[in-house]
S.K.: 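Pasting in a structure now, in structure tokens, and then I'll have a few things to ask.
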2 protein chains.
Amino acid sequence: MKSRKVEISEMSFKEFSNMVEVSMENICKDIFHENRDSIKIKKEKVAVKNLTLIFNSTLKLSNRIGFQSMSLRDLSAASGLSMGALYSYFKSKDELAKIIQEQGRRITSDILDQEIGKGVNLADRMHRAVRAHLYLSEVMQEWFYFSFMEAKNLTREEQKRAIESELATENIFFDIIVEGEKAGLFKKHNPFLSASIIKGMLQDWYLKRWKYKNRGITVEGYADFVIEFIEAFILIKK
Amino acid sequence: MKSRKVEISEMSFKEFSNMVEVSMENICKDIFHENRDSIKIKKEKVAVKNLTLIFNSTLKLSNRIGFQSMSLRDLSAASGLSMGALYSYFKSKDELAKIIQEQGRRITSDILDQEIGKGVNLADRMHRAVRAHLYLSEVMQEWFYFSFMEAKNLTREEQKRAIESELATENIFFDIIVEGEKAGLFKKHNPFLSASIIKGMLQDWYLKRWKYKNRGITVEGYADFVIEFIEAFILIKK
DNA sequence: GTCTATACATAGATAGAC
DNA sequence: GTCTATCTATGTATAGAC
């Protein structure tokens, strides 16, 4: 029980938060360079600044009223950019959604891989996976909420990617569980169901953050609770 | 462990399904009578038939593309009723959403109360609450999905009601857990978090049914798993 | 690079014939 | 009770001035 606390201190929420911040800006730059054909702006500095502004405004509005309900006039008002200016940064509303999805997926994938790779054993890997996912969805709450709620508004191709990304995350847990069972550390259950349930618990954090916030639950507190809950089920007691 | 199986047999999914079917038609009739001012149709038989048709078409379309993206022309095509005819059954698109929400909430509340009331002790009540909620969300999967995903598209008043209903369901679990702790049957944890997590597990069933279906998981199988998972955490081992 | 003005499509909603 | 035809508002997207 104590050992978990030690592992947390290796990656506090604050440190984690900074790490994501850096990753986010880099990925924004990558996105700018990759989409130079559909982005009419030439200067990197102004483009990245406004892209960030547009992404954030879109996420804020979509979280409140939904991407479909958000008109580009709304987005124009929220971002302070005119309709014409907006269309210098993307060539359609659909493409805007696509770029935002892409950006979030990359950050998620980068950060999770990086963080889980540090795990020294299976229990540690499980803790890190849970904690990293929760911390990440805390920092990028709007994106995670957006990504879940707006999946239906994407093109079929983008939907496929979203599902793949979703299942990839779940597989991280699946793999840890299966390895743990083989090693005789975890009880034998249906590992697919266990992984699903764990994923669901993590999702609850960003889908219902208002509820947890109202009750004064912090992301660290929630992480501790989830880990305890999972371990009661999978760990073999000695 | 065996005792749970006995309790299930008191309410098989099939029986449950029939119970809901009846409740659904009755509530559809109630809704018709209560909204006689906004519904221009006089004959109960034709009104209830078409209302049911409209509700089902709306749910189907909304589940696929979202309520906001569904135009009334789409709904007209799917239901086989003309635009004009549709407006004889509701006076705005917003009102249509509202009526559907109302109908689902009533069924949910009726069925859950009825089913949980049968519980003979706290563990039994917990099992029944889990199972009833899962079975209900299986029968009415489209409604549950709609209700969760379209909350943002409702008026502020309706949003408040949706949240209240959500929290009421969660409170069922909260109360059972608190009573169980007092009675010395359940371990002491944070009962708010326990109730939240349980609610999230139930929600996962209807939010990701495609995933469970693809993997061949039945609702009964999922219910058994969830109950086992919960009990590993809350039950005091003897 | 950003703005204003505008084109064009599609949405919700209603009127009046049948 | 249901249909077709139509009104009006709003949405996405673009052209061209600055």
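The structure displayed is predicted, hence computed values, not measured ones. Naming convention: chains lettered A, B, ... in sequence-line order (proteins, then strands); numbering from 1 in each chain.
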S.K.: Do I41(A) and L51(A) have side chains that get closer than 4.5 Å, going by heavy atoms?
M.R.: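 They are not in contact (no side-chain heavy atoms under 4.5 Å apart), so the answer is no.
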S.K.: Mind checking whether Y206(A) and Y145(A) have ring centres under 6.0 Å apart?
M.R.: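 Centroid separation for Y206(A) and Y145(A): 6.0 Å or greater.
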S.K.: State whether the distance check finds a donor on one side and an acceptor on the other, under 3.5 Å, for side chain R73(A) versus base dT10(D).
M.R.: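 For R73(A), whose side chain was compared with the base of dT10(D), there is no donor-acceptor pair (under 3.5 Å).
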S.K.: When you check the gap from the basic side-chain N to the acidic O, do E158(A) and R105(A) get nearer than 4.0 Å?
M.R.: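 R105(A) and E158(A): salt-bridged.
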S.K.: Quick one: K93(A) NZ to dA13(D) P, roughly how many Å, whole number?
M.R.: 9 Å
S.K.: Judged by each residue's nearest nucleotide on DNA chain D, which is more toward the 5′ side, K42(B) or G84(A)?
M.R.: K42(B)
S.K.: Can you give me the bend angle of the helix from dG1(C)-dC18(D) to dC18(C)-dG1(D)? Use the axis through the first five pairs and the one through the last five, nearest 10 degrees.
M.R.: 0°
S.K.: Does a nitrogen or oxygen in the side chain of Y89(B) sit under 4.0 Å from OP1 or OP2 of dG1(D)?
M.R.: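 For dG1(D), OP1/OP2 do not have a side-chain N/O of Y89(B) under 4.0 Å.
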S.K.: Any side-chain heavy-atom pair from L86(B) and S76(B) closer than 4.5 angstrom?
M.R.: yes
S.K.: So do the side chains of R64(B) and L61(B) get within less than 4.5 Å of each other, counting heavy atoms only?
M.R.: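 Side-chain contact under 4.5 Å: yes.
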S.K.: Within the pair Y87(A) and dT14(D), is there a side-chain N or O less than 4.0 Å away from OP1 or OP2?
M.R.: no
S.K.: Given atom CE of M83(B) and atom C1' of dG1(D), what is their separation to the nearest angstrom?
M.R.: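 Rounded to whole Å, this separation is 17 Å.
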S.K.: For the side chain of L81(A), starting at C-beta, report the closest nucleotide among dT12(D), dC3(D), dC3(C).
M.R.: dC3(C)
S.K.: Nearest to the side chain of S71(A) - dA11(C), dT12(D), dG1(C)?
M.R.: dT12(D)
S.K.: Hey, are the side chains of F16(B) and V219(B) touching, using non-hydrogen atoms and a 4.5 Å cut-off?
M.R.: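 No. Closest side-chain heavy atoms not under 4.5 Å.
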